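One-based numbering, in listed order, for ligands and for the atoms of each. Since the structure is predicted, the reported quantities are computational estimates derived from the model, not experimental observations. Positions are given from 1, in the same order as the sequence printed here.
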Amino acid sequence: MPVRHEPLELRTIFEFRIARGGKSVQRNTLVRFTHEGIEGLGEAAPSRYYGESPETVAVALDAWAPAIGDDPFALEAIHARCTATLAGHDAAHAALEMALYDWQGKKLGMPVWKMLGLDRAQTPVSCVTLGMAEQAEMLAKLETVKAFPAIKVKLGGPGDVENLRRVRAHYDGRIQVDANAAWDAASAVRVLHEIAPLRIELVEQPVAREDLDGLAFVRARSPIPVFADESCHHLADIARLAGRVDGVNLKLMKTGGIREALRMIHAARAHGMQVMLGSMVESSLALSAAAQLAPLADYLDLDGHWLIADDPFAGAPGEQGGIALSDAPGLGVTPAVAGSRA
Ligand code: MG
């Protein structure tokens, strides 16, 4: 089999908590695709919230392996064969497609962003996410990210507005907030008016993911631009969200890979929507895959490597929100030098 996979366990520096729960260990999957002596790497960050786990990722990769065929450049045909075998499984699909792109770039001696025709000079900086925390822990976390030009604060829990006020008092950079579907539409409007004086750049997913009319209700009344995250997975979601939100947060683990994300970016532009590229708790491998599309985004949230204690890879994400697309072939990812991160 040209496709192998193994567990990739990542430990977060702080427990990563959002409106629907917290965790300090993320169980991802590393994918290795080998062909003609070249190895392409991919990473899946499965989310139970979206129905995936390391176990389902393994099942999907094993099911797809015989359908890859002998031309790793034929992504359209590979996707068609894989989907005919087993549909869905977006995080697994993203990992496989990532490995194929990495392989292609290594074969051609070219970085993926260049294969896609993009201009790395257009890459915005990334924000870093602060998970929910008690006051003392939040201020300790804030100390670690003060040099970042932008942060994303998770809301939707008890005391969240007070917490945000404290963050603003200690941080002068750009602040985005994310409610992770925690509010109803009326509460969202109330909270957004309350926090607007804190200079909030945008709010992600104020209401439940299926509540598209709620998103429209909030957007019509919100003093802060509204972005969809949990409500936005695939191309067809862009059409459903058009006119209801100001922008979308696209993550490879939701779209199923770079190609679908690319289609969604262009569709969102056609509808006058802004684009954020986001991430799950991921190593620099998956983050570097998303970063290949970064020149097309207005906002980046490719910060997962900053949240984990033991990033096994080095790639595009750098220090303090900097995303550097290199000339290294493929995804531009190398094994991390042990002990390079405190
Ligand atoms: Mg979000």
Side-chain angles (χ1 to χ4, degrees), residues 12 14-23 26 45-52 90-91 94 124 126-133 141 145 148 150-157 160 163-164 167 174-183 185 188 191-192 195 200-212 214-215 218-219 222 224-234 237-238 241 244-255 261 264-265 268 273-282 286-287 290-291 293-294 297-308 317 321:
T12 55
F14 295 99
E15 185 195 36
F16 188 67
R17 199 153 75 243
I18 66 170
R20 53 178 170 267
K23 61 182 161 191
Q26 169 74 26
S47 160
R48 287 196 184 276
Y49 181 68
Y50 296 132
E52 291 187 85
D90 290 312
S126 174
C127 73
V128 64
T129 301
L130 287 180
M132 291 176 161
K141 281 185 184 183
V145 301
F148 282 75
I151 60 175
K152 183 183 288 182
V153 180
K154 296 292 191 179
L155 301 183
D160 55 358
N163 195 20
L164 186 61
V167 169
R174 291 157 42 209
I175 298 183
Q176 306 172 353
V177 297
D178 188 353
N180 288 111
W183 299 321
V191 176
L192 294 176
I195 66 174
I200 304 304
E201 189 166 52
L202 58 89
V203 57
E204 259 177 55
Q205 199 68 38
V207 299
R209 61 174 155 163
E210 62 282 358
D211 189 9
L212 303 190
L215 284 173
V218 175
R219 186 200 183 199
S222 171
I224 299 170
V226 176
F227 276 53
D229 177 354
E230 283 86 338
S231 298
C232 188
H233 289 239
H234 302 119
D237 293 319
I238 299 293
L241 289 163
R244 290 180 153 115
V245 291
D246 297 287
V248 287
N249 181 349
L250 308 181
K251 301 172 182 171
L252 298 186
M253 300 304 151
K254 296 187 297 172
T255 66
M264 294 173 76
I265 291 169
M273 294 151 89
Q274 289 198 295
V275 174
M276 177 189 296
L277 286 177
S279 52
M280 306 294 187
V281 177
E282 298 166 0
L287 292 169
L293 294 172
D298 301 293
Y299 301 102
L300 299 180
D301 183 5
L302 303 178
D303 63 342
H305 76 307
W306 191 257
L307 306 175
I308 59 178

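Residues passing the salt bridge (charged side-chain N to carboxylate O under 4.0 Å, His left out) test with Asp303: none are found, sequence neighbours excluded. Partners of Asn163 according to the side-chain hydrogen bond (donor to acceptor under 3.5 Å, both in side chains) rule, which considers only residues two or more places apart in sequence or in another chain, do not exist here. Take Tyr50 and apply the ring-ring contact (aromatic ring centres under 6.0 Å, His included) test, not counting sequence neighbours, and it matches His233.
Taking a cut-off of 2.8 Å, the protein N, O or S atoms nearer than that to the Mg ion (ligand 1) are Asp178 OD2, Glu204 OE1, Asp229 OD2.
Taking 4.0 Å as the cut-off between side-chain N and carboxylate O, Lys251 and Asp301 do not count as a salt-bridged pair.
Side chain of Lys154 to backbone of Thr129: no donor-acceptor contact under 3.5 angstrom is found. Using a distance-only test at 3.5 Å, with no hydrogens or angles considered, a donor-acceptor pair links the side chain of Ser126 to the main chain of Leu302.
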